[in-house]
Every structure is written in structure tokens, then in C-alpha cells.
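Taking it in order: structure first as C-alpha cells, then the write-up.
As the structure is a computational prediction, the values presented were derived from the model and not from experiment. Side chains included, hydrogens not; waters and symmetry mates left out as well; all remaining heavy atoms used. In each ligand, atom 1 is the first atom listed, and ligand 1 is the first ligand listed.
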Amino acid sequence: MTIFDKIRRTLQELGVSDAQGVESLFAELRKAAEHERAELVAGGAPQQAERDGLCKALRDRWLARKGGFLSQVDENWLKPASKELKPVVGKQFNKLRRFTASLEFEKLVEALPFQQETAPQMELPLGSGAGRPVPRDLTLPGLRRPLGSIHPVTRMQREIEDIFLRLGFWIESGPEIESTYYNFDALNIPESHPSRDDWDTLYIDSKTVLRTHTSPVQIRAMEKYGAPLYIIIPGKCYRHDNPDSTHSPMFHQIEGLAIDEDITFADLKGTLDFFAKMLFGEKVRTRFQPSFFPFTEPSGEVAVSCFVCDGQGCRVCKESGWIELMGCGMVHPQVLRNGGIDPEKYSGWAFGLGVDRFAMVKYDINDIQLFFQGDVRFLEQF
Ligand code: DAH
């Protein structure tokens with residue numbers, strides 16, 4: 001008979017008639033409570049919601065007013081106990097109540113991650129003088145560590161990187177704290193340009209900024225490697241933006257840059273069309289529209305036909321049939337010169353895209369803030 005069968009009977013039915021018998025019954029019950037708690041902590045229900053549910057279920061199992069184990073003990077052991085046994089049972093019952101309260105079933109949800117962090121405890125190296133080892137119950141089940149998952153922005157970034165790596169590009173990076181020279185001047189962005197204003201850019205001092213885009217790494221890479229050059233540059237960028245569902249003061253970009261002899265706009269179109277088909281499916285079409293960036297001439301905006309509705313108009317493309325992907329253009333001759341490359345010999349194309357925006361479109365997420373709040377209930381869906 002398990003302890004849970006025993007609490008459905010009276011002490012008389014169980015043939016328990018002395019203090020010792022009562023005490024050992026209660027001891028058995030406390031042990032069971034402790035064991036169930038340990039099992040839950042170790043149990044590795046990976047989903048937060050599932051864990052919440054399990055913790056609540058454990059609480060109800062023991063403490064529910066109707067039919068909980070403690071109320072069964074009250075009904076079947078305490079109330080019908082004989083006059084002589086009642087003080088012992090009462091005392092034990094109070095002890096059990098304090099004990100189950102101390103197990104904090106409901107707070108287990110919060111306790112779980114910390115348990116995972118600190119346990120199993122490492123044995124201290126011999127001679128570290130850290131005192132006696134803590135006795136541990138080695139028969140308890142082990143602690144399962146929940147596996148993390150790849151952050152959706154990282155996942156998107158890797159997917160994009162993979163496509164360009166296959167085309168022979170390599171990955172370059174540069175500093176997030178950047179000089180105004182690389183972030184602006186070398187890219188043909190004049191002193192009077194609005195993006196240089198305090199309201200758009202986070203300045204460290206008058207000559208140093210948190211980079212507002214990944215484009216400065218174009219110049220750094222030209223200086224470092226010269227031509228020919230085929231690179232993509234993923235990284236974090238920063239702007240003086242108030243957080244809302246489409247803006248974040250920190251966000252991610254990927255820059256592309258191809259410099260070689262005889263590079264033309266046709267190479268740009270062909271590469272980006274291939275990229276869009278790899279990422280969104282064979283049947284998508286790309287659209288190039290004229291635009292302006294100080295560091296490219298001519299400049300363009302690339303859109304892709306909506307991969308959900310095939311251009312018919314839906315929620316994802318905001319009924320337009322098209323999804324804006326990125327800015328691009330032929331590298332301005334002055335920018336090549338600033339990077340130490342002879343524009344008479346070499347030409348190049350470049351693009352810049354927002355990784356967070358790509359991830360929002362691809363995974364149908366309507367609030368960019370979700371990426372950066374660190375809520376596991378959001379993150380564990382990926
Ligand atoms: N740096 C631009 C931005 O942050 C994006 C961009 C547009 C990058 C065109 C490029 C490009 O390399 O050719 O808005």
C-alpha cells in the first residue's frame with residue numbers, strides 16, 4: 001500500500017495506535033512530498049507554460065482544499081483520531097503543513113532556472129580548504145538542462161550569410177564604435193546630411209559615434225584588402241530612435257560589397273535576384289526602383305514579390321504585393337577612391353539590408369521589440 005492509499009484510510013483502519021506509528025506515517029508523507037518536488041525540478045519540462053502548469057498541479061495535489069493530500073490527512077487521520085492519539089496527530093499535522101509550505105511548490109517556476117544554473121554542484125578541488133563536502137542524495141534523479149535555441153535574428157543572419165558564402169563572398173566585420181570619418185565622411189555623407197544630426201545618431205564625442213549602419217566597414221575592408229573584393233558584413237547598428245514596434249535603437253544589418261574589374265549593374269541585379277529566390281523561393285520576382293544614397297551612384301531600392309500571396313496582396317505585404325528588401329547601388333567612384341581603390345580600373349556594387357526586418361517578414365512577427373526582450377516564451381518558439 002502506498003502512502004497515498006494510506007491517507008485515504010483512518011489510523012484505526014491502518015492499525016496504527018501509538019505515537020511511533022503516527023510519526024513514521026508522517027515521515028513517509030514528508031518524504032513523498034520532497035521527492036515529488038525534486039522530480040519536478042529535475043524533470044525538464046522544457047516549455048515555460050508547461051512548467052507553470054506542473055507546478056500548479058503539484059501544489060493542488062498536496063494543498064487543494066478539496067481532496068488535496070493534506071486535507072485528506074485532516075479528514076481521515078486527524079478528525080477521527082482517538083482521544084489519546086489526537087495530540088500527536090495534531091502536532092505531526094502542523095509539522096507537515098509547515099514542511100509542505102517550506103517546499104514552495106508555487107515558487108518553483110522561478111526557482112527552476114536558478115536550480116539549473118547552480119546544480120549539480122561541482123566538487124571543490126582537493127586541498128582548496130573549502131570545508132566539508134555537502135552531503136547530497138545521490139539517488140535523486142539528475143537535473144536536466146533545457147537546451148537553448150538559436151535566436152531568430154541570428155538564424156536569419158546565418159541563412160543570409162550561407163547564400164552569399166555559396167557565391168564566394170566572405171564575412172567581414174568592423175567596430176560598433178566608429179569614427180565619424182568612416183561612418184560618414186568616407187562614404188560621401190556631407191556635414192549637412194540629416195543622418196549626422198544629434199537626433200539621428202548616438203555620439204560618443206564629436207568625432208566618435210555608435211555606427212549608424214554597416215557601410216563604414218566597406219571602407220575599412222577596401223583599405224585592408226584592396227580589390228578584387230567580395231564580402232558581406234553582418235553586425236549591430238545604432239540610431240537615436242525611440243523603441244516602437246518597428247524601431248529599435250539597436251538593430252542588425254548586413255552589408256554586401258563586390259568590387260572587381262568590369263562589375264556592372266547587371267551583376268548587382270543578377271546576384272540580388274538569385275539571393276531573393278534562394279531565400280524566399282524560386283517563384284518570387286524582384287523589382288528595382290531608383291533611389292538615392294550618397295555612397296552609391298546610381299542607387300536603388302529592391303523589393304521582392306510577396307512570397308505569401310505571390311503579389312496578390314495580403315497581410316504580410318500590407319496589401320501591396322511587394323516587400324521592400326534593401327537599398328543598393330553601384331559604389332560611388334569617390335567612395336572607391338576613399339578606400340584606396342582606383343575607380344578607373346575597378347567598379348563595384350553594394351547593398352545594405354535590415355536583418356531584424358527580414359526576420360519579422362519571414363517569421364511573421366509584428367513587433368521588433370520581441371527580439372530584444374529576452375522572453376523565453378517568445379524565444380523557445382524558434
Ligand atoms: N547604409 C544604408 C542604410 O543604413 C543602406 C545601404 C543602402 C547600404 C545602399 C548600401 C547601399 O551598401 O548600397 O540605410
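- When non-hydrogen atoms are compared, ligand 1 lies under 4.0 Å from the side chain of Arg239 (C-beta onward) but not from its backbone.
- Between Thr296 and ligand 1, no pair of N/O atoms sits closer than 3.5 Å.
- Ion pair Arg158/Asp162 not flagged as a salt bridge, since none of the NZ, NE, NH1 or NH2 atoms sits closer than 4.0 Å to an Asp/Glu carboxylate oxygen.
- Judged purely by atom type and a 3.5 angstrom limit, Tyr203 uses its side chain to pair as donor or acceptor with the backbone of Arg196.
- Atoms of ligand 1 lying under 4.0 Å from any heavy atom of Cys328, numbered from 1 in the order shown and given with element: 9 (C), 11 (C), 13 (O).
- Among the atoms of Thr212, none of the N or O lies under 3.5 angstrom from an N or O of ligand 1.
- Nearest protein neighbour of atom 5 (C) of ligand 1, counting heavy atoms only, is Gly352 CA, 4.0 Å.
- A cation-pi arrangement is present between Arg220 and Tyr182, with the terminal nitrogen or guanidinium carbon under 6.0 Å from the aromatic centre and inside a 45° cone about the axis.
- With hydrogens and angles disregarded, no donor-acceptor distance shorter than 3.5 Å links the side chain of Asp260 to the backbone of Ile263.
- Salt bridge status for Glu28 with Lys6: present, with a side-chain N to carboxylate O gap under 4.0 Å.
- Looking at Glu380, its side chain never comes within 3.5 Å of a backbone N or O of Arg377 through a donor-acceptor pair.
- Close approach to Gln218 involves these atoms of ligand 1, each under 4.0 Å from a residue heavy atom: 12 (O).
- Both cation-pi conditions hold for Lys269 and Phe288: the charged atom is under 6.0 angstrom from the six-membered ring centre and inside a 45 degree cone around its axis.
- Contact annotation: for Ala350 versus ligand 1, heavy atoms closer than 4.0 Å belong to both the backbone and the side chain.
- Of the listed residues (Val153, Asp356, Val355), just one forms a side chain to side chain contact (heavy atoms under 4.5 Å, CB included) with Phe251, and that residue is Asp356.
- For a threshold of 3.5 Å applied to N or O pairs, the pair formed by Phe295 and ligand 1 contains no separation below that value.
- Using cut-offs of 30° and 60° on the angle between ring planes, the pair Phe358 and Phe275 is tilted.
- Listed by number with element, the atoms of ligand 1 under 4.0 Å from a non-hydrogen atom of Gly329 are 13 (O).
- Atoms of ligand 1 found under 4.0 Å from any heavy atom of Ser215, numbered from 1 in the order shown, are 1 (N), 8 (C).
- Using a 4.0 Å cut-off between heavy atoms, Met326 makes no contact with ligand 1 at all.
- Evaluated by nearest non-hydrogen atom to atom 10 (C) of ligand 1, the leading choice among Phe351, Phe251, Phe293, Phe292 is Phe351.
- Annotation: atom 12 (O) of ligand 1 to nearest protein heavy atom, Glu255 OE2, 2.6 Å.
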